[in-house]
S.K.: 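Please find one structure pasted underneath; my questions will follow.
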There are 2 protein chains.
Amino acid sequence: MARPPGHGPGYEIKRQEIIDTAAMLFSEKGYAATGITEIGDTVGLAKGALYYYIKSKENLLVEIQERVLDPLLAAAGKIQDLDASPVVKLRLLSEELLTVIFERLDHIWVYEHDYRQLTGDNLTRMLARRQEFENVVRSLLVAAMDEGFFRKTNPSLTVLQFLNMHNHTYQWVRPGQQWDAKFLSKTYCATLFTGFADGSCDLEAIEAQVATFQS
Amino acid sequence: MARPPGHGPGYEIKRQEIIDTAAMLFSEKGYAATGITEIGDTVGLAKGALYYYIKSKENLLVEIQERVLDPLLAAAGKIQDLDASPVVKLRLLSEELLTVIFERLDHIWVYEHDYRQLTGDNLTRMLARRQEFENVVRSLLVAAMDEGFFRKTNPSLTVLQFLNMHNHTYQWVRPGQQWDAKFLSKTYCATLFTGFADGSCDLEAIEAQVATFQS
DNA sequence: GTCTATAAAAAGATAGAC
DNA sequence: GTCTATCTTTTTATAGAC
């Protein structure tokens, strides 16, 4: 992030453009199958010039992961601090997650497929941040059980069902067609909340409260 | 499958062993990031000997995809022909899908991540077979709506929810620990069927019928 | 800031000795 | 049936001219 001293203001702009390009190519062909030369060609730079902007190929992968995790964890933190019921928070978190998936679909492909190619500290740090996000989901699901919205079931398995449903969306979704993040979130949560519910679940009341936080 | 004439009976056995090894390595490091030399080293053969058994690296990928799709489509065909309600069939198909995921976890990693690296006809054929499986799921979900088990909703989105829930399981499941395919299938279907249901959904009655087909 | 040239290693695949 | 040697291409990354 911090740009090395001695570079002009255009440096960081071009750097971000290179990461954009890398994310696009990695998502299409996979990280390992994409060459540095190909990134250079696409962005219009020879290899030598490219390395003026990037540290290494792996570093590009790190930055792509951060572009996914940064907004996700920021949103999770804000939602946790709201004065709302856990089901409303889950519905808001669901929509944020799907929004990130819609807005950075190519990044998500790389995020889901190539994170295991990170090495050493890069891998460790990234896995810890992923866990952080999962912990937020878990705490909200447990709160929903404690407050009687959901049946008491194994929290781990409930987290995984919630995440399965959302995190596989990147495989087939086409932003701009048919459905948007809000609609998918409403649909997923309707299915999940009813399935998790203890008796019945007033979906309309949840949506009404969600709207007050989004206006 | 058909072994070239002029080879002994050990030929096919070793060939299958090589595919096993490739699936393991591809699942750990990714298809593109795994070298032919590495496969040879792991299986105990030099490159020259390895190519005595395989046609090309891509061909290994094709065979791994087939090892997933063959049992999946065979099971789907059998289940479709059963004399049972669509929800029972869905529950049986769910368990078969999860069974394949449990039994061939390394294959599933490759199946989910690296299928896009297939080229030409290999890619076309494989995508068609995937579609075939999805069509079976869709027809069962539509039948469940028509017969009043589920609310009438967009069939495409219902298929995708069903598949999201199941197909993301490979990311975190550890066979032999905690849960097995049957338990996960019961849990997923309980959530999904209740969420999809038109009014209420007699989960116990479904499980009782499922048991009659599995004894 | 961008280029060409080059290094140094590794890739997939083949030929031919044994 | 397995090996070594080789071919050809490509890889990530650097050096140094402009």
Side-chain angles (χ1 to χ4, degrees), chain A residues 3-23 25-26 28-64 110 114 116-120 122-123, chain B residues 2-26 28-64 110 114 116-120 122-123:
Chain A
R3 87 172 183 239
H7 291 303
Y11 182 83
E12 190 58 24
I13 293 169
K14 190 141 222 162
R15 223 179 77 83
Q16 294 298 326
E17 189 191 322
I18 290 167
I19 302 171
D20 288 338
T21 306
L25 291 173
F26 290 169
E28 282 170 6
K29 310 194 14 169
Y31 170 75
T34 305
I36 281 288
T37 309
E38 199 177 346
I39 298 172
D41 287 350
T42 308
V43 83
L45 286 175
K47 259 196 301 223
L50 193 70
Y51 272 97
Y52 176 72
Y53 293 99
I54 70 168
K55 194 169 135 269
S56 68
K57 191 185 172 187
E58 176 162 337
N59 194 248
L60 284 172
L61 187 52
V62 171
E63 306 233 28
I64 292 167
V110 182
D114 295 315
R116 297 192 312 166
Q117 310 226 21
L118 291 171
T119 60
N122 288 334
L123 181 60
Chain B
R3 86 171 185 240
H7 291 303
Y11 181 82
E12 189 59 24
I13 292 168
K14 191 142 221 163
R15 224 178 76 84
Q16 294 297 326
E17 188 191 322
I18 290 168
I19 301 172
D20 287 338
T21 306
M24 190 189 71
L25 291 173
F26 291 169
E28 283 170 6
K29 313 194 14 171
Y31 170 75
T34 304
I36 281 288
T37 310
E38 200 177 346
I39 298 172
D41 287 351
T42 308
V43 83
L45 288 175
K47 257 197 299 221
L50 193 69
Y51 272 97
Y52 176 71
Y53 293 100
I54 70 169
K55 192 170 135 269
S56 68
K57 192 185 173 188
E58 176 162 338
N59 194 247
L60 284 172
L61 187 52
V62 170
E63 306 234 27
I64 292 167
V110 183
D114 295 315
R116 297 192 311 165
Q117 310 226 21
L118 291 172
T119 59
N122 289 333
L123 181 60

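Because the structure is predicted, anything quoted here is derived from the model rather than measured. Below, chain A is the first sequence line, B the second, and so on; all start at residue 1.
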S.K.: Between the protein and nucleotides 13-16 of chain C, list the N/O to N/O atom pairs that are separated by less than 3.5 angstrom.
M.R.:
unit_1	atom_1	unit_2	atom_2	d
dA13(C)	OP2	Tyr51(B)	OH	2.5
dA13(C)	OP2	Lys57(B)	N	3.1
dA13(C)	O5'	Tyr51(B)	OH	3.2
dA13(C)	N6	Lys47(B)	NZ	3.0

S.K.: With sequence neighbours excluded, what pairs up with Lys14(A) under the side-chain hydrogen bond (donor to acceptor under 3.5 Å, both in side chains) test?
M.R.: none
S.K.: Rounded to the nearest angstrom, tell me the gap between atom OH in Tyr53(A) and atom P in dT12(D).
M.R.: 20 Å
S.K.: Atom CG of Leu60(B) and atom P of dG12(C): how far apart are they, to the nearest Å?
M.R.: 11 Å
S.K.: Could you list the residues that satisfy ring pair (Phe, Tyr, Trp, His ring centres under 6.0 Å) with Tyr53(B), not counting sequence neighbours?
M.R.: Tyr11(B)
S.K.: Please name all residues satisfying side chain to side chain contact (heavy atoms under 4.5 Å, CB included) with Asn122(B), sequence neighbours left out, ordered by chain then number.
M.R.: Glu58(B), Val62(B), Leu118(B), Arg125(B)
S.K.: Just the rounded figure in Å: distance from C1' of dG1(C) to CD of Glu12(A).
M.R.: 16 Å
S.K.: Verify the contact: side-chain N or O of Tyr52(B) to OP1 or OP2 of dG1(D), cut-off strictly under 4.0 Å; return yes or no.
M.R.: yes
S.K.: Rounded to whole angstrom units, what separation is found between the CD atom of Glu38(B) and the P atom of dT11(D)?
M.R.: 18 Å
S.K.: With sequence neighbours left out, write down each residue that passes side-chain hydrogen bond (donor to acceptor under 3.5 Å, both in side chains) with Lys29(B), or none if nothing qualifies.
M.R.: Glu38(B)
S.K.: Given dG1(D), dG1(C), dT2(D), which nucleotide is nearest the side-chain atoms of Tyr11(B)?
M.R.: dG1(D)
S.K.: So Asn59(B) and Ile54(B), do their side chains get closer than 4.5 Å, heavy atoms only?
M.R.: no
S.K.: Nearest whole Å is fine: how far is dT12(D) C1' from Leu50(A) CG?
M.R.: 11 Å
S.K.: Excluding sequence neighbours, so at least two apart, what forms side chain to side chain contact (heavy atoms under 4.5 Å, CB included) with Glu17(B)?
M.R.: Val43(B)
S.K.: To the nearest Å, how far apart are Leu45(A) CG and dA13(D) P?
M.R.: 16 Å
S.K.: In whole angstroms, how far is the P atom of dG1(D) from the CZ atom of Arg15(B)?
M.R.: 13 Å
